[in-house]
Amino acid sequence: AQSVTQLGSHVSVSEGALVLLRCNYSSSVPPYLFWYVQYPNQGLQLLLKYTTGATLVKGINGFEAEFKKSETSFHLTKPSAHMSDAAEYFCAVSDLYNFNKFYFGSGTKLNVKP
Amino acid sequence: EAQVTQNPRYLITVTGKKLTVTCSQNMNHEYMSWYRQDPGLGLRQIYYSMNVEVTDKGDVPEGYKVSRKEKRNFPLILESPSPNQTSLYFCASSFVGDEQYFGPGTRLTVT
């Protein structure tokens, strides 16, 4: 089974500052990689995904993530945080041998200070 | 409107009383899945289904059953709920290999 590690269960940034949320996964062979966002009392919404091709992936709301195979990482960034970005963010990966199975990280709650 | 619906949204029940959480999608997706979300653990996959009558275990299937008799519906069944199944449950659907669309969640408390 894959494991997904998100460093920092809570991250706090000031409005306008860089957002960096970290995600590392366990396998040396790249699976499919995802970032989801969850607003309070809602389901999850896809921000972006990496399957193959370009390693820098752009998503919705100005977020992007870079797949680094050598570091087994898929960190999420946004150049300038908005108050509306406050939410919980989950990194997820597919199983290496079964793309129908998914493993999620424990989540990072992003707080944006005015 | 394209959506995944779950019912009920909130449920409090007692140990051992069978319950079913329904999930329905109107996007003609082949793939459907159930997850549970617990604080500090993120989401863990319970079961998934590739299509009608095709289901398989996820990471934490113990204590749960599913069925897929129609493409749009994927109910989650707890035959004998226990307190450790108190959790927030999400249903999701997608075309195979594509973005998953999540329902609004069902908060289950087992006393």
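A, B, ... follow the sequence lines: proteins, then strands. Residue 1 opens every chain. The figures that follow rest on heavy atoms only: side chains count, while hydrogens, waters and symmetry mates do not. If you're wondering where the values come from, they're calculated on a predicted model, not measured in any experiment.
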For this session: Could you tell me which non-hydrogen atom of B:Leu43 sits nearest to which non-hydrogen atom of A:Phe104, and how far apart they are?
Result: O-CB, 3.3 Å

Is there a path of hydrophobic side-chain contacts, each under 4.5 Å between heavy atoms of I, L, V, M, F, W or Y residues, that connects [X] with [Y]?
{"X": "A:Val93", "Y": "A:Leu56", "answer": "no"}
{"X": "B:Phe74", "Y": "B:Tyr89", "answer": "yes"}
{"X": "A:Leu21", "Y": "A:Tyr50", "answer": "yes"}
{"X": "A:Tyr39", "Y": "A:Met83", "answer": "yes"}
{"X": "A:Tyr32", "Y": "B:Met50", "answer": "yes"}

For this session: With sequence neighbours left out, write down each residue that passes salt bridge (Lys or Arg N to Asp or Glu O under 4.0 Å) with A:Glu66, or none if nothing qualifies.
Result: none

Problem set entry | Qualifying residues under salt bridge (Lys or Arg N to Asp or Glu O under 4.0 Å), relative to A:Asp85, sequence neighbours excluded |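 Counting only residues at least two positions away or on another chain, A:Asp85 forms a salt bridge (Lys or Arg N to Asp or Glu O under 4.0 Å) with A:Lys78.
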
Problem set entry | Heavy-atom contact with chain B under 4.5 Å, split by part of A:Phe34 |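 No part of A:Phe34 comes within 4.5 Å of chain B.
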
Exercise. Which bit of A:Glu88 comes within less than 4.5 Å of chain B, counting heavy atoms only: side chain, backbone, both or neither?
Worked result: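 Contact with chain B is through the side chain of A:Glu88 alone.
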
For this session: Output the distance between atom CD (A:Gln42) and atom CZ (B:Phe90), rounded to the nearest 0.5 Å.
Result: 9.5 Å

Exercise. Which residues in residues 5-42 of chain B have any heavy atom lying under 4.5 Å from a heavy atom of chain A?
Worked result: B:Arg9, B:Tyr31, B:Tyr35, B:Gln37, B:Gly40, B:Leu41, B:Gly42

For this session: Tabulate, in ascending numerical order, the residues of residues 56-70 of chain B having at least one heavy atom closer than 4.5 Å to a heavy atom of chain A, or enter 'none'.
Result: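 If one takes a 4.5 Å heavy-atom cut-off, the residues of residues 56-70 of chain B near chain A are B:Lys57, B:Gly58, B:Asp59.
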
Is there a side-chain contact between [X] and [Y], using heavy atoms and a 4.5 Å cut-off?
{"X": "B:Phe102", "Y": "A:Gln45", "answer": "no"}
{"X": "B:Gln100", "Y": "A:Phe102", "answer": "yes"}
{"X": "B:Asp98", "Y": "A:Lys49", "answer": "yes"}

Neighbour count above 12 (heavy atom, 6.0 Å) for [X] [atom1]:
{"X": "A:Asn41", "atom1": "CG", "answer": "no"}
{"X": "A:Lys109", "atom1": "NZ", "answer": "no"}
{"X": "B:Arg107", "atom1": "CZ", "answer": "no"}

Problem set entry | Max heavy-atom pair count under 4.5 Å with chain B, selected residue of A:Ala92, A:Ser9, A:Gly105, A:Cys91 | A:Gly105

